[in-house]
Amino acid sequence: MRRWLWLLVLVVGILLFVAVHQAIVVTGNPNLVPSLLLLGALLVPVSFVLYLDGRNTADDIPLSVLLICGLLGGVLGTVAASLAESDTAQRLGGLPTVMIGLIEEGAKLLVPIGVLIFTRYRSNPADGLLVGVAVGTGFAVLETLGYGFVILLLSRSLGVTEATLLLRGVLSPAAHIAWTGLAAAALWHAHAQRWHPRGVAAAVGTFVLVVILHAIWDAGTGWPTYVIVGGISLALLIRQAHRDVVLTGDRTTPMRGSPGGHDQHKETQTRPTP
């Protein structure tokens with residue numbers, strides 16, 4: 001059931017979104033608009049997090065922790081990024097897209113760094129990627145809600161607002177979610193290597209890469225940019241997820257029903273990989 005929870009959430013969410021939309025059309029009740037915005041912003045990102053979590057056979061980080069990471073990461077990330085961007089824009093007289101990428105990607109790592117330092121969820125590389133994906137989801141959801149609200153006020157068109165929600169929701173796994181997931185996963189790998197210079201260099205290089213991808217995304221003016229940058233970002237995330245979530249989970253999960261399964265689990269975790 002856990003493996004297919006994402007599909008249940010996606011289907012039920014779509015039905016709820018359609019129901020709220022039809023209720024607004026029939027009744028014209030503006031009180032239902034916040035529900036429409038919330039469902040539109042949450043649906044795809046949350047389903048994507050549940051999809052990745054369902055592939056984590058190690059199952060060592062509960063959904064409640066990911067939920068807290070998403071909430072804290074979204075709120076703290078958007079607030080910190082907004083304050084830093086405002087201050088930087090005043091100092092520079094403008095805000096280059098590179099600075100936007102640097103500030104937002106740095107702000108989104110506040111919660112993953114806190115998890116890495118202060119919690120026990122730091123030994124499994126999959127935990128880093130899932131925490132990063134959850135934080136990226138929280139950030140993407142709140143940002144989409146903000147954009148949807150502003151567009152609704154400016155356009156006064158429910159159709160335009162729904163199109164914005166759909167576009168940003170579908171693209172979120174290839175944008176904020178992918179970038180934060182990759183950056184957080186690199187931090188966990190550096191920690192696993194006891195902050196060896198090679199691991200630190202890989203983490204720094206990954207962060208620079210996601211900042212560049214973010215900057216190109218923001219500088220783009222059409223679908224070609226979104227398709228290329230989003231395709232690269234999502235492909236890198238899927239590759240990293242397969243390596244950390246699927247393969248690592250398979251190596252650290254004991255065979256169910258086998259004698260000494262608990263000991264096998266401990267042995268597999270401590271045995272160095274070739």
Side-chain angles (χ1 to χ4, degrees), residues 6 9-10 13 16-17 20 32-53 63-89 95 97 99-115 129-155 158 160-184 210-211 213-215 217-218 226 230 233-234 237:
W6 70 273
V9 170
L10 182 63
L16 290 175
F17 184 86
V20 174
L32 296 175
V33 173
S35 299
L36 189 75
L37 293 176
L38 185 61
L39 286 170
L42 281 173
L43 189 53
V44 174
V46 170
S47 299
F48 187 76
V49 173
L50 293 175
Y51 171 80
L52 288 181
D53 181 67
L63 275 175
S64 58
V65 174
L66 296 181
L67 177 62
I68 293 172
C69 289
L71 180 60
L72 289 178
V75 174
L76 294 178
T78 51
V79 170
S82 178
L83 292 173
E85 287 173 354
S86 176
D87 182 67
T88 304
L95 198 61
T97 54
M99 290 301 300
I100 296 176
L102 180 63
I103 291 171
E104 293 189 359
E105 295 308 318
K108 287 187 291 179
L109 286 181
L110 293 175
V111 169
I113 290 173
V115 173
L129 186 137
L130 290 172
V131 167
V133 165
V135 170
T137 294
F139 192 97
V141 167
L142 292 181
E143 193 175 65
T144 297
L145 279 172
Y147 274 97
F149 178 69
V150 171
I151 289 176
L152 180 62
L153 292 179
L154 295 178
S155 67
L158 193 61
V160 173
T161 303
E162 288 178 335
T164 301
L165 294 175
L166 176 63
L167 175 63
R168 294 187 61 86
V170 170
L171 292 179
S172 59
H176 283 299
I177 295 177
W179 301 328
T180 314
L182 290 169
V210 299
V211 168
L213 290 172
H214 191 153
W217 179 282
D218 287 344
Y226 298 146
S233 303
L234 189 58
L237 179 66

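Just so it is clear, the model here is predicted, and its values are computed rather than measured.
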So how far is it from [X] [atom1] to [Y] [atom2], rounded to the nearest 0.5 Å?
X	Y	atom1	atom2	answer
Leu52	Trp6	CG	CH2	11.0 Å
Leu71	Leu142	CG	CG	8.0 Å
Leu42	Leu16	CG	CG	11.5 Å
Leu36	Leu165	CG	CG	6.5 Å
Cys69	Leu63	SG	CG	11.5 Å
Phe149	Leu154	CZ	CG	10.0 Å

| field | Qualifying side-chain hydrogen bond (donor to acceptor under 3.5 Å, both in side chains) pairs with a residue from residues 70-87, counting only residues at least two apart or across chains | value |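 Matches after skipping sequence neighbours: Asp87-Arg91.
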Might you point out which heavy atoms bring [X] and [Y] nearest each other, and give the distance in Å?
X	Y	result
Gly169	Pro173	O-CD, 3.5 Å
Val133	Ile177	CG1-CG2, 3.5 Å
Ala174	Leu234	CB-CB, 4.1 Å
Ser35	Val20	CB-CG1, 4.3 Å
Ala183	Val210	CB-CG2, 4.4 Å
Thr144	Ala41	CG2-CB, 3.9 Å

| query | Between Thr137 and Phe48, is any pair of side-chain heavy atoms under 4.5 Å apart? | reply | no
| said: Do Leu167 and Tyr147 have side chains that approach each other closer than 4.5 Å (heavy atoms only, starting at C-beta)? | reply: no
| task | Assess whether side-chain contact (heavy atoms from CB on, under 4.5 Å) is satisfied between Leu129 and Leu237, documenting all intermediate values. | result | CA-CA 9 Å; Leu129 186 137; Leu237 179 66; 4.1 Å; yes
| query | Would the number of heavy atoms belonging to other residues, nucleotides or ligands and lying under 6.0 Å from OH of Tyr226 be above 12? | reply | yes
| said: Within the supplied structure, the quantity of interest is the number of heavy atoms (other residues, nucleotides, ligands) at a distance under 6.0 Å from Phe17 CZ; does it exceed 12? | reply: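 Atom CZ in Phe17 is crowded, with more than 12 foreign heavy atoms closer than 6.0 Å.
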Validation: residues 101-113 side-chain donor-acceptor distances under 3.5 Å, sequence neighbours left out:
unit_1	atom_1	unit_2	atom_2	d
Glu104	OE1	His214	NE2	3.2
Glu105	OE1	Lys108	NZ	3.2
Glu105	OE2	Lys108	NZ	2.9
Glu105	OE2	His214	ND1	2.7
Lys108	NZ	His176	ND1	2.8
Lys108	NZ	Thr180	OG1	3.0

